[in-house]
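Report on one structure; see the data block that follows.
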Amino acid sequence: MKTGKEYEDSLRKLKLKVYLFGKKVENVVDDPIIRPSMNAVKLTYELAQLPEYEDLLTATSHISGKKINRFTNIHQSAADLVKKTKMERLLGSQTGCCFQRCVGMDAMNALSITTFNIDKKYGTEYNKRFLKYLSFVQEEDLVCDGAMTDPKGDRNLAPNQQADPDMFLHVVEEKADGIVVTGAKAHQTGAVNSHEIIVMPTQAMKEEDKDYAISFALPSDAEGITYIYGRQSCDTRKLEKGTIDRGNQIFGGHEALVVFDKVFVPWDRVFMYKEYDFAGELVENFASYHRQSYACKVGVGDVLIGATQVAANYNGAEKASHVKDKIIEMNHLNETLFCGSLACAGEGSKQPSGTYLVNILLANVCKQNVTRYPYEIARLAQDIAGGLMVTMPSEDDLNSPEIGQYVKKYFRGRADVTTENRMRILRLIENITLGSAAVGYLTESMHGAGSPQAQRIMIARQVNMAEKMKTAKKLSGIVE
Amino acid sequence: MKIGIKFCGGCNPLFDRIAASRRIKDELREKAEFVSYDDPEADIILVFMGCSAACAEISGFSMEKAKIINSDSDADSFIIEVKGTAGL
(Lines give C-alpha, C1' and ligand atoms only; values in the text may rest on other atoms or scores of the structure.)
Protein backbone atom coordinates (compact mmCIF):
# COMPACT_ATOMS: atom_id res chain seq x y z
CA MET A 1 0.00 0.00 0.00
CA LYS A 2 1.17 3.54 -0.69
CA THR A 3 1.70 6.07 2.03
CA GLY A 4 0.08 9.49 1.71
CA LYS A 5 3.40 10.99 0.63
CA GLU A 6 3.89 8.29 -2.01
CA TYR A 7 0.41 9.01 -3.35
CA GLU A 8 1.15 12.73 -3.55
CA ASP A 9 4.46 12.04 -5.27
CA SER A 10 2.74 9.71 -7.74
CA LEU A 11 0.36 12.49 -8.78
CA ARG A 12 3.30 14.77 -9.57
CA LYS A 13 4.42 12.30 -12.24
CA LEU A 14 1.12 12.52 -14.11
CA LYS A 15 0.93 14.72 -17.19
CA LEU A 16 -2.66 15.84 -16.83
CA LYS A 17 -4.17 18.51 -19.06
CA VAL A 18 -6.26 20.49 -16.56
CA TYR A 19 -7.94 23.84 -17.17
CA LEU A 20 -9.10 26.13 -14.39
CA PHE A 21 -10.37 29.70 -14.87
CA GLY A 22 -9.52 29.45 -18.55
CA LYS A 23 -5.84 28.65 -18.08
CA LYS A 24 -3.89 25.40 -18.18
CA VAL A 25 -2.77 24.41 -14.69
CA GLU A 26 0.98 23.75 -14.69
CA ASN A 27 1.22 22.34 -11.15
CA VAL A 28 -2.00 20.51 -10.33
CA VAL A 29 -0.90 19.07 -6.97
CA ASP A 30 0.04 22.40 -5.40
CA ASP A 31 -2.61 24.61 -6.99
CA PRO A 32 -4.35 26.31 -4.02
CA ILE A 33 -7.82 25.70 -5.46
CA ILE A 34 -7.14 21.99 -6.09
CA ARG A 35 -4.87 21.15 -3.14
CA PRO A 36 -7.60 20.69 -0.47
CA SER A 37 -9.24 18.01 -2.60
CA MET A 38 -5.92 16.19 -2.96
CA ASN A 39 -5.49 16.37 0.82
CA ALA A 40 -8.83 14.57 1.24
CA VAL A 41 -7.88 11.70 -1.08
CA LYS A 42 -4.43 11.55 0.54
CA LEU A 43 -6.11 10.88 3.88
CA THR A 44 -7.50 7.59 2.48
CA TYR A 45 -3.86 6.48 2.20
CA GLU A 46 -2.71 7.94 5.50
CA LEU A 47 -5.42 6.39 7.64
CA ALA A 48 -4.81 2.95 6.08
CA GLN A 49 -1.32 3.05 7.59
CA LEU A 50 -2.59 3.72 11.12
CA PRO A 51 -3.54 0.86 13.50
CA GLU A 52 -6.45 2.96 14.81
CA TYR A 53 -8.13 2.92 11.41
CA GLU A 54 -6.74 0.01 9.41
CA ASP A 55 -9.66 -2.26 10.33
CA LEU A 56 -11.89 -0.12 8.12
CA LEU A 57 -9.38 1.25 5.62
CA THR A 58 -7.84 -2.09 4.65
CA ALA A 59 -9.03 -5.47 3.40
CA THR A 60 -7.50 -8.71 2.15
CA SER A 61 -7.35 -9.08 -1.61
CA HIS A 62 -9.32 -12.09 -2.83
CA ILE A 63 -6.81 -12.32 -5.70
CA SER A 64 -3.41 -11.98 -4.03
CA GLY A 65 -4.24 -12.56 -0.35
CA LYS A 66 -2.31 -9.37 0.44
CA LYS A 67 -3.47 -6.46 2.58
CA ILE A 68 -4.88 -3.75 0.31
CA ASN A 69 -6.57 -0.40 0.71
CA ARG A 70 -10.32 -1.07 0.98
CA PHE A 71 -10.92 1.37 -1.88
CA THR A 72 -9.40 -1.27 -4.21
CA ASN A 73 -11.31 -4.17 -2.65
CA ILE A 74 -13.97 -6.31 -4.31
CA HIS A 75 -16.55 -7.10 -1.63
CA GLN A 76 -16.47 -10.78 -0.63
CA SER A 77 -19.14 -10.73 2.08
CA ALA A 78 -21.95 -8.66 3.59
CA ALA A 79 -19.44 -7.84 6.36
CA ASP A 80 -17.21 -6.27 3.70
CA LEU A 81 -20.13 -4.10 2.56
CA VAL A 82 -20.81 -3.03 6.16
CA LYS A 83 -17.15 -2.10 6.64
CA LYS A 84 -17.32 -0.04 3.45
CA THR A 85 -20.25 1.94 4.91
CA LYS A 86 -18.39 2.50 8.18
CA MET A 87 -15.19 3.48 6.36
CA GLU A 88 -17.11 6.10 4.41
CA ARG A 89 -18.63 7.58 7.56
CA LEU A 90 -15.21 7.68 9.18
CA LEU A 91 -13.64 9.51 6.24
CA GLY A 92 -16.55 11.95 6.01
CA SER A 93 -16.08 12.81 9.67
CA GLN A 94 -12.30 13.17 9.33
CA THR A 95 -12.42 15.42 6.24
CA GLY A 96 -15.77 17.24 6.49
CA CYS A 97 -16.07 16.94 2.72
CA CYS A 98 -16.26 14.63 -0.30
CA PHE A 99 -13.07 12.52 -0.26
CA GLN A 100 -13.69 11.38 -3.84
CA ARG A 101 -12.22 7.86 -3.86
CA CYS A 102 -15.46 5.86 -3.56
CA VAL A 103 -16.56 6.13 -7.20
CA GLY A 104 -13.70 4.04 -8.54
CA MET A 105 -14.29 1.36 -5.92
CA ASP A 106 -17.97 1.20 -6.86
CA ALA A 107 -17.12 1.03 -10.57
CA MET A 108 -14.71 -1.86 -10.06
CA ASN A 109 -17.19 -3.83 -7.98
CA ALA A 110 -19.91 -3.34 -10.59
CA LEU A 111 -17.54 -4.39 -13.38
CA SER A 112 -16.47 -7.49 -11.43
CA ILE A 113 -20.11 -8.64 -11.65
CA THR A 114 -21.02 -7.57 -15.19
CA THR A 115 -17.84 -8.71 -16.95
CA PHE A 116 -18.44 -12.17 -15.46
CA ASN A 117 -22.05 -12.18 -16.68
CA ILE A 118 -21.16 -10.97 -20.19
CA ASP A 119 -18.54 -13.72 -20.49
CA LYS A 120 -21.07 -16.32 -19.37
CA LYS A 121 -23.52 -15.31 -22.11
CA TYR A 122 -21.16 -14.50 -24.95
CA GLY A 123 -18.00 -16.50 -24.20
CA THR A 124 -15.91 -13.33 -24.08
CA GLU A 125 -12.86 -12.69 -21.87
CA TYR A 126 -13.79 -9.43 -20.23
CA ASN A 127 -13.64 -10.80 -16.68
CA LYS A 128 -10.11 -12.12 -17.19
CA ARG A 129 -9.03 -8.70 -18.52
CA PHE A 130 -10.79 -6.96 -15.68
CA LEU A 131 -9.18 -9.14 -12.98
CA LYS A 132 -5.75 -8.48 -14.48
CA TYR A 133 -6.51 -4.76 -14.39
CA LEU A 134 -7.82 -5.07 -10.82
CA SER A 135 -4.61 -6.83 -9.73
CA PHE A 136 -2.66 -3.91 -11.14
CA VAL A 137 -4.84 -1.37 -9.31
CA GLN A 138 -4.55 -3.28 -6.01
CA GLU A 139 -0.80 -3.84 -6.31
CA GLU A 140 -0.10 -0.19 -7.13
CA ASP A 141 -2.81 1.10 -4.74
CA LEU A 142 -4.32 3.48 -7.28
CA VAL A 143 -7.13 6.00 -7.21
CA CYS A 144 -9.66 5.37 -9.98
CA ASP A 145 -12.30 7.82 -11.14
CA GLY A 146 -15.53 5.94 -11.92
CA ALA A 147 -16.85 7.87 -14.93
CA MET A 148 -20.48 7.27 -15.78
CA THR A 149 -22.41 10.50 -16.39
CA ASP A 150 -22.56 11.69 -20.00
CA PRO A 151 -23.57 15.29 -20.77
CA LYS A 152 -26.69 13.74 -22.39
CA GLY A 153 -27.79 16.70 -24.55
CA ASP A 154 -31.52 16.52 -25.34
CA ARG A 155 -33.00 14.29 -22.63
CA ASN A 156 -35.91 13.42 -24.93
CA LEU A 157 -33.62 11.69 -27.40
CA ALA A 158 -31.65 8.42 -27.31
CA PRO A 159 -27.84 8.61 -27.70
CA ASN A 160 -27.94 7.74 -31.41
CA GLN A 161 -30.63 10.39 -32.08
CA GLN A 162 -28.72 13.35 -30.62
CA ALA A 163 -27.93 16.25 -32.96
CA ASP A 164 -24.36 16.00 -31.69
CA PRO A 165 -23.39 12.30 -31.48
CA ASP A 166 -20.74 13.14 -28.82
CA MET A 167 -23.37 14.00 -26.19
CA PHE A 168 -22.84 10.41 -25.06
CA LEU A 169 -19.34 8.92 -25.11
CA HIS A 170 -19.00 6.41 -27.94
CA VAL A 171 -16.64 4.43 -30.12
CA VAL A 172 -15.66 6.24 -33.33
CA GLU A 173 -13.12 3.78 -34.73
CA GLU A 174 -12.21 0.16 -34.25
CA LYS A 175 -8.61 -0.95 -34.85
CA ALA A 176 -6.73 -4.22 -34.60
CA ASP A 177 -5.14 -3.18 -31.31
CA GLY A 178 -7.99 -1.25 -29.73
CA ILE A 179 -10.75 1.32 -30.10
CA VAL A 180 -10.92 5.09 -30.43
CA VAL A 181 -13.55 6.94 -28.38
CA THR A 182 -14.94 10.47 -28.33
CA GLY A 183 -17.26 12.18 -25.88
CA ALA A 184 -17.15 13.47 -22.33
CA LYS A 185 -18.03 12.52 -18.78
CA ALA A 186 -19.50 15.27 -16.61
CA HIS A 187 -19.41 15.99 -12.86
CA GLN A 188 -16.41 13.70 -12.37
CA THR A 189 -15.58 13.70 -8.67
CA GLY A 190 -11.87 13.69 -7.90
CA ALA A 191 -10.90 13.27 -11.53
CA VAL A 192 -7.67 15.27 -11.34
CA ASN A 193 -6.60 13.41 -8.19
CA SER A 194 -6.97 10.05 -9.94
CA HIS A 195 -4.39 7.71 -11.51
CA GLU A 196 -6.98 5.96 -13.69
CA ILE A 197 -10.34 6.71 -15.33
CA ILE A 198 -12.85 3.86 -15.56
CA VAL A 199 -15.60 4.65 -18.06
CA MET A 200 -19.06 3.09 -18.03
CA PRO A 201 -22.24 3.74 -20.04
CA THR A 202 -24.67 6.12 -18.36
CA GLN A 203 -27.94 4.32 -19.06
CA ALA A 204 -29.48 1.13 -20.41
CA MET A 205 -28.93 0.89 -24.16
CA LYS A 206 -30.84 -0.56 -27.11
CA GLU A 207 -29.28 -2.18 -30.18
CA GLU A 208 -29.30 1.08 -32.13
CA ASP A 209 -27.14 2.58 -29.32
CA LYS A 210 -24.58 -0.21 -29.21
CA ASP A 211 -21.69 2.14 -30.09
CA TYR A 212 -22.39 3.79 -26.73
CA ALA A 213 -22.41 0.52 -24.74
CA ILE A 214 -18.72 0.60 -23.86
CA SER A 215 -16.67 0.35 -20.71
CA PHE A 216 -12.92 0.71 -20.37
CA ALA A 217 -10.10 1.99 -18.19
CA LEU A 218 -7.29 4.37 -19.08
CA PRO A 219 -4.48 6.17 -17.30
CA SER A 220 -5.84 9.57 -16.31
CA ASP A 221 -3.13 11.28 -18.40
CA ALA A 222 -3.80 9.32 -21.59
CA GLU A 223 -3.36 11.27 -24.82
CA GLY A 224 -6.51 13.15 -25.80
CA ILE A 225 -8.05 13.57 -22.33
CA THR A 226 -8.70 17.13 -21.07
CA TYR A 227 -10.06 18.14 -17.66
CA ILE A 228 -12.10 21.30 -17.17
CA TYR A 229 -12.31 21.97 -13.43
CA GLY A 230 -15.69 22.86 -11.94
CA ARG A 231 -16.26 26.11 -10.01
CA GLN A 232 -17.60 25.86 -6.48
CA SER A 233 -19.30 28.34 -4.21
CA CYS A 234 -16.69 30.49 -2.37
CA ASP A 235 -13.87 28.70 -4.24
CA THR A 236 -11.63 31.77 -4.57
CA ARG A 237 -11.42 32.13 -0.81
CA LYS A 238 -8.69 29.50 -1.15
CA LEU A 239 -6.63 32.14 -2.99
CA GLU A 240 -6.80 34.64 -0.14
CA LYS A 241 -3.88 35.23 2.17
CA GLY A 242 -5.78 34.26 5.30
CA THR A 243 -7.39 30.87 5.92
CA ILE A 244 -10.18 31.47 8.46
CA ASP A 245 -12.76 32.42 5.83
CA ARG A 246 -12.32 29.05 4.04
CA GLY A 247 -14.05 27.30 6.91
CA ASN A 248 -12.41 23.91 6.41
CA GLN A 249 -8.71 24.61 6.79
CA ILE A 250 -7.42 21.45 5.13
CA PHE A 251 -9.88 19.54 2.98
CA GLY A 252 -12.30 19.96 0.10
CA GLY A 253 -13.72 18.17 -2.93
CA HIS A 254 -13.85 18.80 -6.66
CA GLU A 255 -15.58 17.82 -9.87
CA ALA A 256 -14.47 18.20 -13.47
CA LEU A 257 -15.71 17.75 -17.01
CA VAL A 258 -13.51 15.05 -18.59
CA VAL A 259 -13.28 15.40 -22.36
CA PHE A 260 -12.20 12.46 -24.56
CA ASP A 261 -11.08 13.70 -27.98
CA LYS A 262 -10.38 10.66 -30.20
CA VAL A 263 -8.74 8.75 -27.36
CA PHE A 264 -7.19 5.35 -28.05
CA VAL A 265 -8.06 2.45 -25.74
CA PRO A 266 -6.12 -0.82 -26.12
CA TRP A 267 -8.26 -3.97 -26.14
CA ASP A 268 -6.84 -5.26 -22.86
CA ARG A 269 -8.39 -2.23 -21.16
CA VAL A 270 -11.88 -2.72 -22.69
CA PHE A 271 -14.42 -4.39 -20.38
CA MET A 272 -17.58 -4.03 -22.44
CA TYR A 273 -17.80 -3.47 -26.20
CA LYS A 274 -21.27 -3.13 -27.70
CA GLU A 275 -22.90 -5.81 -25.48
CA TYR A 276 -25.72 -3.30 -25.12
CA ASP A 277 -27.98 -5.76 -23.28
CA PHE A 278 -25.64 -5.54 -20.28
CA ALA A 279 -25.37 -1.74 -20.10
CA GLY A 280 -28.44 -1.46 -17.89
CA GLU A 281 -27.14 -4.08 -15.43
CA LEU A 282 -23.77 -2.32 -15.13
CA VAL A 283 -25.48 1.02 -14.53
CA GLU A 284 -27.91 -0.42 -11.98
CA ASN A 285 -25.20 -2.23 -10.01
CA PHE A 286 -22.82 0.71 -10.03
CA ALA A 287 -25.65 3.03 -8.99
CA SER A 288 -26.66 0.72 -6.14
CA TYR A 289 -23.12 0.53 -4.76
CA HIS A 290 -22.72 4.27 -5.15
CA ARG A 291 -26.02 5.00 -3.44
CA GLN A 292 -24.74 2.98 -0.46
CA SER A 293 -21.58 5.10 -0.56
CA TYR A 294 -23.46 8.17 0.63
CA ALA A 295 -22.67 7.03 4.14
CA CYS A 296 -19.96 9.63 3.66
CA LYS A 297 -22.59 12.32 4.27
CA VAL A 298 -23.24 10.85 7.71
CA GLY A 299 -19.62 11.63 8.54
CA VAL A 300 -19.90 15.16 7.18
CA GLY A 301 -23.13 15.42 9.17
CA ASP A 302 -21.14 14.45 12.29
CA VAL A 303 -18.86 17.43 11.65
CA LEU A 304 -21.76 19.80 10.99
CA ILE A 305 -23.65 18.70 14.10
CA GLY A 306 -20.48 19.08 16.18
CA ALA A 307 -19.88 22.54 14.72
CA THR A 308 -23.48 23.54 15.40
CA GLN A 309 -23.21 22.47 19.04
CA VAL A 310 -19.95 24.42 19.39
CA ALA A 311 -21.62 27.49 17.86
CA ALA A 312 -24.54 27.16 20.30
CA ASN A 313 -22.07 26.85 23.19
CA TYR A 314 -20.10 29.89 22.03
CA ASN A 315 -23.34 31.86 21.79
CA GLY A 316 -24.32 30.82 25.32
CA ALA A 317 -27.49 29.26 23.86
CA GLU A 318 -26.81 25.57 24.47
CA LYS A 319 -29.26 25.19 27.37
CA ALA A 320 -32.28 26.49 25.46
CA SER A 321 -34.74 23.61 25.05
CA HIS A 322 -35.39 24.33 21.36
CA VAL A 323 -31.67 24.29 20.65
CA LYS A 324 -31.29 20.93 22.38
CA ASP A 325 -34.25 19.56 20.47
CA LYS A 326 -32.90 20.77 17.14
CA ILE A 327 -29.57 19.07 17.83
CA ILE A 328 -31.48 15.89 18.66
CA GLU A 329 -33.34 16.17 15.35
CA MET A 330 -30.07 16.67 13.45
CA ASN A 331 -28.69 13.52 15.05
CA HIS A 332 -31.88 11.60 14.38
CA LEU A 333 -31.78 12.45 10.69
CA ASN A 334 -28.03 11.79 10.45
CA GLU A 335 -28.25 8.37 12.07
CA THR A 336 -31.24 7.51 9.87
CA LEU A 337 -28.98 7.99 6.87
CA PHE A 338 -26.47 5.64 8.51
CA CYS A 339 -29.26 3.11 9.08
CA GLY A 340 -30.07 3.10 5.36
CA SER A 341 -26.49 2.51 4.25
CA LEU A 342 -25.94 -0.20 6.87
CA ALA A 343 -29.22 -1.90 5.93
CA CYS A 344 -28.46 -2.22 2.23
CA ALA A 345 -24.98 -3.48 3.14
CA GLY A 346 -26.14 -6.00 5.72
CA GLU A 347 -28.76 -7.34 3.32
CA GLY A 348 -26.22 -7.71 0.53
CA SER A 349 -26.05 -10.89 -1.51
CA LYS A 350 -23.52 -12.95 -3.42
CA GLN A 351 -23.52 -12.63 -7.21
CA PRO A 352 -22.48 -15.38 -9.67
CA SER A 353 -19.05 -13.76 -9.93
CA GLY A 354 -18.59 -14.14 -6.15
CA THR A 355 -18.86 -10.40 -5.52
CA TYR A 356 -21.34 -9.24 -2.90
CA LEU A 357 -23.85 -6.65 -4.12
CA VAL A 358 -25.87 -4.39 -1.82
CA ASN A 359 -29.63 -4.85 -1.53
CA ILE A 360 -30.82 -2.72 -4.42
CA LEU A 361 -34.15 -1.64 -2.91
CA LEU A 362 -32.57 -0.56 0.37
CA ALA A 363 -29.69 1.19 -1.42
CA ASN A 364 -32.22 3.28 -3.30
CA VAL A 365 -34.16 4.04 -0.12
CA CYS A 366 -30.87 5.05 1.50
CA LYS A 367 -30.05 7.46 -1.30
CA GLN A 368 -33.57 8.87 -1.53
CA ASN A 369 -33.20 9.92 2.12
CA VAL A 370 -29.78 11.38 1.34
CA THR A 371 -31.41 13.67 -1.25
CA ARG A 372 -33.47 15.24 1.59
CA TYR A 373 -32.04 14.95 5.09
CA PRO A 374 -28.75 16.89 4.62
CA TYR A 375 -30.85 19.87 3.53
CA GLU A 376 -32.86 19.73 6.77
CA ILE A 377 -29.72 19.14 8.86
CA ALA A 378 -28.15 22.15 7.13
CA ARG A 379 -31.26 24.24 7.75
CA LEU A 380 -31.17 23.42 11.47
CA ALA A 381 -27.44 24.19 11.58
CA GLN A 382 -28.08 27.63 10.07
CA ASP A 383 -31.03 28.16 12.44
CA ILE A 384 -28.83 27.55 15.50
CA ALA A 385 -25.75 29.31 14.09
CA GLY A 386 -27.67 32.49 13.51
CA GLY A 387 -27.48 35.13 10.81
CA LEU A 388 -23.95 36.20 11.71
CA MET A 389 -22.73 33.24 9.67
CA VAL A 390 -23.58 35.11 6.48
CA THR A 391 -22.99 38.72 7.54
CA MET A 392 -19.75 38.67 9.46
CA PRO A 393 -16.72 40.52 8.10
CA SER A 394 -13.59 38.95 6.73
CA GLU A 395 -10.45 37.72 8.43
CA ASP A 396 -8.72 40.86 7.14
CA ASP A 397 -11.24 42.96 9.05
CA LEU A 398 -10.73 40.87 12.20
CA ASN A 399 -6.98 41.53 11.95
CA SER A 400 -7.26 45.17 10.83
CA PRO A 401 -5.31 47.61 13.03
CA GLU A 402 -8.05 50.23 12.49
CA ILE A 403 -11.28 48.37 12.92
CA GLY A 404 -10.31 44.92 14.21
CA GLN A 405 -11.11 46.13 17.72
CA TYR A 406 -14.76 46.64 16.75
CA VAL A 407 -15.00 43.19 15.15
CA LYS A 408 -13.51 41.57 18.24
CA LYS A 409 -15.72 43.59 20.58
CA TYR A 410 -19.11 43.35 18.89
CA PHE A 411 -18.91 39.79 17.59
CA ARG A 412 -17.87 38.19 20.82
CA GLY A 413 -20.35 35.65 22.19
CA ARG A 414 -19.43 34.23 25.58
CA ALA A 415 -16.74 36.26 27.35
CA ASP A 416 -14.43 33.24 27.71
CA VAL A 417 -14.46 32.44 23.97
CA THR A 418 -12.40 34.48 21.52
CA THR A 419 -14.18 36.22 18.68
CA GLU A 420 -11.77 34.50 16.29
CA ASN A 421 -12.90 31.07 17.46
CA ARG A 422 -16.55 32.06 17.14
CA MET A 423 -15.87 33.21 13.59
CA ARG A 424 -13.95 30.04 12.78
CA ILE A 425 -16.76 27.71 13.77
CA LEU A 426 -19.34 29.81 11.94
CA ARG A 427 -17.16 29.73 8.81
CA LEU A 428 -17.07 25.92 8.99
CA ILE A 429 -20.88 25.80 9.15
CA GLU A 430 -20.99 28.25 6.24
CA ASN A 431 -18.51 26.09 4.29
CA ILE A 432 -20.63 22.96 4.67
CA THR A 433 -24.07 24.51 4.19
CA LEU A 434 -23.47 27.07 1.44
CA GLY A 435 -19.75 27.25 0.71
CA SER A 436 -17.50 24.95 -1.28
CA ALA A 437 -18.30 21.88 0.83
CA ALA A 438 -22.03 22.42 0.22
CA VAL A 439 -21.29 21.17 -3.29
CA GLY A 440 -20.68 17.76 -1.75
CA TYR A 441 -22.97 17.90 1.26
CA LEU A 442 -26.08 19.26 -0.46
CA THR A 443 -26.19 19.32 -4.26
CA GLU A 444 -24.12 16.17 -4.64
CA SER A 445 -26.42 14.52 -2.08
CA MET A 446 -29.28 15.53 -4.38
CA HIS A 447 -27.84 14.42 -7.71
CA GLY A 448 -24.81 12.21 -7.12
CA ALA A 449 -25.38 8.50 -7.90
CA GLY A 450 -28.63 9.49 -9.56
CA SER A 451 -31.19 12.25 -9.06
CA PRO A 452 -34.17 11.68 -6.72
CA GLN A 453 -36.52 10.45 -9.44
CA ALA A 454 -34.06 7.71 -10.39
CA GLN A 455 -34.33 6.20 -6.92
CA ARG A 456 -38.15 6.43 -6.96
CA ILE A 457 -38.22 4.51 -10.23
CA MET A 458 -35.99 1.81 -8.71
CA ILE A 459 -38.02 1.63 -5.50
CA ALA A 460 -41.18 1.11 -7.55
CA ARG A 461 -39.46 -1.62 -9.56
CA GLN A 462 -37.97 -3.42 -6.59
CA VAL A 463 -40.87 -3.63 -4.14
CA ASN A 464 -43.15 -6.66 -4.28
CA MET A 465 -46.55 -4.95 -4.36
CA ALA A 466 -48.35 -8.19 -5.21
CA GLU A 467 -47.22 -9.75 -1.93
CA LYS A 468 -48.20 -6.67 0.08
CA MET A 469 -51.69 -6.66 -1.46
CA LYS A 470 -52.09 -10.40 -0.86
CA THR A 471 -51.23 -9.94 2.83
CA ALA A 472 -53.62 -7.01 3.21
CA LYS A 473 -56.46 -8.92 1.58
CA LYS A 474 -55.84 -11.99 3.74
CA LEU A 475 -55.85 -9.98 6.97
CA SER A 476 -58.99 -8.13 5.97
CA GLY A 477 -60.80 -11.35 5.05
CA ILE A 478 -61.15 -10.58 1.36
CA VAL A 479 -61.76 -13.66 -0.76
CA GLU A 480 -61.64 -13.17 -4.53
CA MET B 1 4.49 -9.40 29.28
CA LYS B 2 3.76 -8.60 25.64
CA ILE B 3 0.48 -6.84 24.93
CA GLY B 4 -0.85 -6.62 21.38
CA ILE B 5 -3.14 -3.76 20.36
CA LYS B 6 -6.01 -4.02 17.86
CA PHE B 7 -8.57 -1.31 17.10
CA CYS B 8 -11.93 -1.27 15.46
CA GLY B 9 -12.02 1.30 12.64
CA GLY B 10 -13.60 4.02 14.78
CA CYS B 11 -16.40 5.10 12.45
CA ASN B 12 -18.51 6.48 15.32
CA PRO B 13 -16.82 5.67 18.62
CA LEU B 14 -18.66 6.18 21.90
CA PHE B 15 -15.38 6.65 23.76
CA ASP B 16 -11.92 7.83 22.76
CA ARG B 17 -10.21 4.52 21.91
CA ILE B 18 -6.95 6.17 20.99
CA ALA B 19 -6.69 8.15 24.25
CA ALA B 20 -7.60 5.00 26.21
CA SER B 21 -4.86 2.99 24.47
CA ARG B 22 -2.33 5.76 25.15
CA ARG B 23 -3.33 5.83 28.82
CA ILE B 24 -2.82 2.05 29.09
CA LYS B 25 0.58 2.33 27.41
CA ASP B 26 1.64 5.16 29.71
CA GLU B 27 0.46 3.47 32.90
CA LEU B 28 1.90 0.06 32.04
CA ARG B 29 5.08 1.27 30.34
CA GLU B 30 7.26 -0.45 32.90
CA LYS B 31 5.19 -3.62 33.15
CA ALA B 32 4.66 -4.55 29.52
CA GLU B 33 6.00 -4.32 26.00
CA PHE B 34 3.39 -3.20 23.46
CA VAL B 35 3.45 -5.03 20.14
CA SER B 36 1.31 -5.45 17.04
CA TYR B 37 -1.82 -7.58 17.41
CA ASP B 38 -0.43 -10.12 14.96
CA ASP B 39 2.75 -10.68 16.94
CA PRO B 40 2.63 -14.44 17.72
CA GLU B 41 4.43 -13.83 20.99
CA ALA B 42 1.79 -11.48 22.35
CA ASP B 43 0.46 -12.75 25.70
CA ILE B 44 -2.69 -10.63 25.60
CA ILE B 45 -4.34 -8.80 22.71
CA LEU B 46 -6.30 -5.74 23.73
CA VAL B 47 -9.11 -5.16 21.24
CA PHE B 48 -10.45 -1.60 21.40
CA MET B 49 -14.08 -1.65 20.27
CA GLY B 50 -15.57 1.84 19.91
CA CYS B 51 -19.16 0.72 20.40
CA SER B 52 -21.31 -2.33 21.14
CA ALA B 53 -21.29 -3.38 17.47
CA ALA B 54 -17.76 -4.59 18.24
CA CYS B 55 -16.98 -5.07 14.57
CA ALA B 56 -13.17 -5.21 14.60
CA GLU B 57 -11.90 -8.20 12.66
CA ILE B 58 -10.63 -10.68 15.24
CA SER B 59 -10.87 -13.97 13.37
CA GLY B 60 -7.12 -14.12 12.90
CA PHE B 61 -6.16 -14.60 16.53
CA SER B 62 -7.00 -16.77 19.49
CA MET B 63 -9.93 -15.55 21.59
CA GLU B 64 -8.14 -16.89 24.66
CA LYS B 65 -5.66 -14.07 24.27
CA ALA B 66 -8.22 -11.37 23.39
CA LYS B 67 -9.45 -8.85 25.92
CA ILE B 68 -12.14 -6.45 24.76
CA ILE B 69 -11.86 -2.80 25.81
CA ASN B 70 -15.26 -1.25 25.21
CA SER B 71 -15.06 1.83 27.44
CA ASP B 72 -12.78 4.01 29.53
CA SER B 73 -13.73 1.99 32.62
CA ASP B 74 -12.66 -1.24 30.84
CA ALA B 75 -9.30 0.44 30.20
CA ASP B 76 -9.00 1.51 33.86
CA SER B 77 -9.90 -2.00 35.06
CA PHE B 78 -7.25 -3.53 32.83
CA ILE B 79 -4.60 -1.16 34.17
CA ILE B 80 -5.51 -2.06 37.75
CA GLU B 81 -5.57 -5.77 36.90
CA VAL B 82 -2.10 -5.74 35.32
CA LYS B 83 -0.58 -3.62 38.07
CA GLY B 84 -2.08 -5.98 40.65
CA THR B 85 -0.79 -9.03 38.80
CA ALA B 86 2.62 -7.42 38.52
CA GLY B 87 2.76 -7.17 42.30
CA LEU B 88 2.32 -3.40 42.70
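Only heavy atoms go into these numbers, but all of them, side chains included; no hydrogens, no water, no symmetry mates.
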Select one option (side chain, backbone, both, neither) describing which atoms of B:Tyr37 are under 4.5 Å from chain A's heavy atoms.
side chain
Side chain proximity check, A:Ile250 to A:Asn248, heavy atoms < 4.5 angstrom:
yes
For the interface with chain B, which of A:Glu54, A:Gln94, A:Lys86 has the highest count of heavy-atom pairs at distances below 4.5 Å?
A:Lys86
Going through the distances and angles, do B:Arg23 and B:Asp76 end up as a salt bridge (charged side-chain N to carboxylate O under 4.0 Å, His left out)?
CA-CA 9 Å; B:Arg23 194 165 76 254; B:Asp76 293 339; 2.9 Å; yes
For A:Arg70 and A:Thr58, test the side chains for any donor-to-acceptor distance below 3.5 angstrom and give the result as yes or no.
no
State whether B:Asp26 and B:Arg29 are salt-bridged, where the test is any N-O pair (Lys NZ or Arg NE/NH1/NH2 against Asp/Glu carboxylate O) under 4.0 Å.
yes
Interface check, chain A: of B:Ala56, B:Gly10, B:Pro13, most non-hydrogen pairs under 4.5 Å belong to B:Ala56
